[in-house]
Every structure is written in structure tokens, then in C-alpha cells.
Amino acid sequence: MIVPIGSEPPPFFSVIMPTFNRWKLTVRAINSLQAQTFQDWELLIVDDGSRDGTYDFVTTETDHDKRVRYHYATNRGLPMARNIGLLMSRGKYITFLDSDDEYMPEHLQIRAEYLAAHPDVELLHGGVEVIGSDMVADKHDLSKQIPISECVVGGTFVIRRDLVERLNGFRNIPYGDDADFFARAEQSGAIIHKIDVPTYRYNRMESDSLTNRVAVTFRSL
């Protein structure tokens, strides 16, 4: 059970940002959130065991912004980092911003307006601009590549809090935890909508991203 904490009214969005050893990119991602036209949000940065000075650089950027919280954890991987963020979150809706990605300035505004017009929606997703390769490993056969257009992108998920609680967050699997969450949401009968306005910038240029590491692993076999 995820229980909101604190006495202040909860924000509309809780934005969860897992990161690991990529302080420069994390700062860029944070700046894209702070530049949003919609400002009713909190940011939960979950540092998954970085050793590159992420804390020093990130807190320098965020000390002045009380909407930002930083949590350092031992390295346990992306799904568990997301779940830590879920436990810390207070928002009505929970969304994500991977530390190597960016929001366009109107990203949250468009989604807030959509959700206000469709309050029955429990999971909203979609709206991606891909920077770099548009092919990723197929979760059903990691030796094969498929277009991102055939996938769901976890960074774009906007999840109503009661659905997160009902599904108990993300399962700790090595690849495709976002697709697994989406499939379980479908199976639960959740109301799911897709939005196609491409305001989430999905960066495929970094060699240490999970999808790129998976591709390299299987090319080397």
C-alpha cells in the first residue's frame, strides 16, 4: 500500500527519475522538468548506487526547489528504483522521466488537461520523440530488434495512484518491466488511453542505456 506522506496538499504529478552514474544527463532532465508550463509536480530522484558524484551535482541544481527529493539506494536495478520512487510519491498521478531523457515544455500540461477531461483514465501513455535508433530488443526474443513504435515506453506512463496500488508497482525483471506493467494493467481491466503528442524525448544515444546494453550483449554472443 502506497501512503502519501506530509501535511501539504499532494501535487497533481509525482515524477519519478531513476538514475545511475550519469550526473550530466540527470541535470539536463531535471532542467527540462523545471521548464514545464505546468508546475504542479514533485520530483523523486532515486539514485541507484551512483559513484560519479551525482548527489553533489544534482543537489546543487535542486537545493532551491523544495519540490525535489533525492534518495540514494544500493544498486538494485531500474524496476526496484521505480518502486522506491512509488513509495516516496504523493501525487494523484505518477509518471516518469528517465535520467537520459527530456520533457518538451508542454509535456505535463498536455497530459494534465487530457486527464482533467478524461478522469476515468487509469493509465495514459504514448507521445514519444525518439533521438537515435528507433529499434530495440524484442522482450519475447532478445536476439531480435523491433521498432519502438510497436512497444510501450515506460517513461511516458502516467498512472493513477489507485492503479499503482492495485498492481503493486513494477515487477523485478531484468528487461521489459514497463511492458510487463502495461500487460498486467490490461489484464486487470484498467482504463488505458494513448496520447500521440510527441513531447517525451526518448534518448537512444547513450551506450549505457538498458536497451542499448541488451542489444550489445546479444550482438556479442
Among side-chain atoms of [X] and [Y], is any donor-acceptor pair under 3.5 angstrom?
X	Y	value
Asp100	Asn203	no
Asp47	Tyr55	no
Asp65	Gln34	yes

Exercise. Okay, side chain of Asp98, backbone of Pro18: is any donor-acceptor separation there less than 3.5 Å?
Worked result: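 Answer holds: no.
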Item checked: Side-chain donor or acceptor of Ser14 paired with backbone N/O of Gly91 under 3.5 Å ->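 Here the side-chain-to-backbone pair exists.
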Non-hydrogen side-chain atoms of [X] and [Y] separated by less than 4.5 Å:
X	Y	value
Leu44	Val15	no
Ile94	Val158	no
Asp178	Phe157	yes
Thr156	Tyr202	no
Lys194	Ile192	no
Tyr200	Tyr103	yes
Met135	Pro147	yes
Tyr93	Leu115	yes

Carboxylate-amine/guanidinium proximity below 4.0 Å for [X] and [Y]:
X	Y	result
Asp177	Arg82	yes
Arg171	Asp180	yes
Arg201	Glu129	yes

field: Check: Phe57 ring centroid to Trp23 ring centroid under 6.0 Å
entry: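 When the ring centroids of Phe57 and Trp23 are compared, they turn out to be within the sub-6.0 Å range.
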Between Val128 and Leu124, is there a shared hydrophobic cluster once you connect ILVMFWY residues whose side-chain heavy atoms come closer than 4.5 Å?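 Both belong to a single hydrophobic cluster.
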- Query: Going only through I, L, V, M, F, W and Y residues with side-chain contacts under 4.5 Å, is there a path from Val27 to Phe96?
  - Reply: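 Different clusters: Val27 never reaches Phe96 through Ile, Leu, Val, Met, Phe, Trp or Tyr contacts under 4.5 Å.
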Against Glu122, only a single residue in Arg161, Arg166, Lys92 fulfils salt bridge (Lys or Arg N to Asp or Glu O under 4.0 Å); can you say which?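 The option that passes is Arg166.
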Could you pull out the closest heavy-atom pair between Ile16 and Gly85, with the gap in Å?
->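 Smallest interatomic distance, heavy atoms only, reads CD1-C, 3.4 Å.
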- Over all atoms of both residues, closest heavy-atom pair of Ala29 and Leu97: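 Scanning both residues completely, I find the closest heavy atoms to be O-CD2, 3.4 Å.
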Tell me which donor-acceptor pairs under 3.5 Å the side chains of residues 104-113 have, and how far apart each pair is, sequence neighbours excluded?
unit_1	atom_1	unit_2	atom_2	d
His107	ND1	Arg111	NH1	3.4
His107	ND1	Thr199	OG1	2.8
Gln109	NE2	Glu113	OE2	2.9
Arg111	NH1	His107	O	3.1
Arg111	NH1	Thr199	OG1	2.8
Arg111	NH2	Gly126	O	3.2
Arg111	NH2	Val197	O	3.2
Arg111	NH2	Thr199	OG1	3.3

